[in-house]
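In what follows, a single structure is set out as structure tokens and then discussed.
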There are 2 protein chains.
Amino acid sequence: MEKRKSIHPKFVEKFREYLKSNGFKLTSERKAILEQIFAYDDHFQAEDLLVRMRQDGYSVSRATIYRTLPLLAKSGLLTEVIDAQKHSHYEHIHALQQHAHLICLRCGKIIEFREPEINALQEAVCQTHKFRPMKYRNEILGYCFECQMDEI
Amino acid sequence: MEKRKSIHPKFVEKFREYLKSNGFKLTSERKAILEQIFAYDDHFQAEDLLVRMRQDGYSVSRATIYRTLPLLAKSGLLTEVIDAQKHSHYEHIHALQQHAHLICLRCGKIIEFREPEINALQEAVCQTHKFRPMKYRNEILGYCFECQMDEI
DNA sequence: TTTTTTGCAAATGGTTTGCATCCTT
DNA sequence: AAGGATGCAAACCATTTGCAAAAAA
């Protein structure tokens, strides 16, 4: 858990645009969730968000969180990461940069890394196959340095 | 569904070694599953395998299939691919080559592609982070050419 | 006022598991 | 023998969904 931060207006604007252009409405619940996901800089699961929001005094139901997270992902503000148990984790975008993840199978830690060359290659593959990419999954599951030390 | 094919002995040998070195036993059920996954060259889910095995006259329970698939994946003979619904799909290895996937969000089709440069870059990232990779996930979700034509 | 959204609680469904029995080694 | 494996059916549990009430446009 990290320090709370305020949200940049451009993110609110981006979400508002996404919703409007898809015939959805910007409700107070959606806005609260949006603000909350930018209030901290770590990875989280739907349930984490629920708990954190309740602690921070917001009142949003679990169902609404589960319904809103995919919207935020589709709007491009959130990135979904799937762990070894196939559970969804999320993180908000950092300055619109793509990045991938190393996921530790032992401690669950998620390490980010950036590799623009990989992104470029992936885009090239899509062009070759006339495939319209919506989402890139780039995850490496394995053991982080600390957990290797602890002997599996 | 494609034509049945027989399994190369080296795969049986590889699985046997994996099991032995981990204190597991090679049972007739595990061997039947191993043979079955190499009998066809397409992607499948646990349930598909169950149905197909029953059609082909094998008798293996759903539980055993669910317990065996991860063993085959860990032994390196199977690759797991996760679709948009977070369901596991599998495919047997083709001559030990790594490859990645384009997954259509509309028709569910899975297209394979090979991109050795991406693999090399991923390995480099692991080295940098002293991360011991066990499994690479390289999936691009989006729309295949045909489904783009059909207008989403 | 028309359409979407919310919250609740119940349902979902791929996957996992407890346990008695069976099979490998 | 001894320990792992199987099959069955029940349990899991993150996520989804039906529906009536509430809010946005």
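Hydrogens, waters and symmetry mates are skipped; everything else that's a heavy atom, side chains included, is used. Small disclaimer: the values here were computed from a predicted structure and weren't measured. Order of the sequence lines sets the chain letters (A, B, ...), proteins ahead of strands, with each chain counted from 1.
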Out of C:dC8, C:dT15, D:dA25, whichever nucleotide has its closest atom nearest the side chain of B:Ser88: C:dT15

C:dT6 OP1/OP2 closer than 4.0 Å to side-chain N/O of A:Arg30: yes

For atom CD of A:Glu47 and atom P of D:dC13, their distance in whole Å: 12 Å

N/O donor-acceptor pair under 3.5 Å between B:Ser21 side chain and B:Tyr18 backbone: yes

Between C:dT25 (C1') and B:Leu19 (CG): distance, integer Å: 13 Å

Residue whose closest nucleotide on DNA chain C lies nearer the 5' end, A:Gly23 versus A:Lys86: A:Gly23

Selection from C:dT6, D:dC8, C:dT5 that lies nearest to any side-chain heavy atom of B:Arg67: D:dC8

Rounded distance (Å) that lies between atom P of C:dT5 and atom CG of A:Leu26: 11 Å

Atom pair distance, as rounded to whole Å: CD in A:Glu29 and C1' in D:dA22: 9 Å

Whichever of B:Phe24 and B:Ala46 has its nearest DNA chain C nucleotide further upstream toward 5': B:Ala46

For A:Ile103 against A:Ile82, the heavy-atom pair lying closest together: CD1-O, 3.5 Å

B:Phe15 CZ - C:dT24 P separation (whole Å): 14 Å

Closest to side chain of B:Tyr66, choosing from D:dT17, C:dT15, D:dG7: C:dT15

Row check, B:Phe15 ring normal vs B:Arg30 NZ/CZ: under 6.0 Å, within 45°: no

Distance in angstrom units between B:Leu50 CG and D:dC8 C1', rounded: 13 Å

Option from A:His89, A:Lys109, A:Glu112, A:Glu91 for which side chain to side chain donor-acceptor pair (under 3.5 Å) with A:His101 holds: A:Glu91

DNA chain D: 5'-proximal contact among A:Pro70 and B:Lys25 (nearest heavy atom): B:Lys25

Touch class at under 4.0 angstrom, heavy-atom based, for B:Thr68 against every strand present: nothing

Side-chain heavy-atom pair A:Tyr143, B:Met134 within 4.5 angstrom cut-off: yes

Under-4.0 Å side-chain N/O to phosphate OP1/OP2 contact, A:Thr27 with C:dT4: no

Atom-pair distance (NE2 on B:His89; C1' on C:dT15), nearest Å: 14 Å

Out of D:dT6, D:dT16, D:dA9, whichever nucleotide has its closest atom nearest the side chain of B:Thr64: D:dT6

Nearest-Å distance for atom pair CD/P, residues B:Gln45 and C:dG14: 8 Å

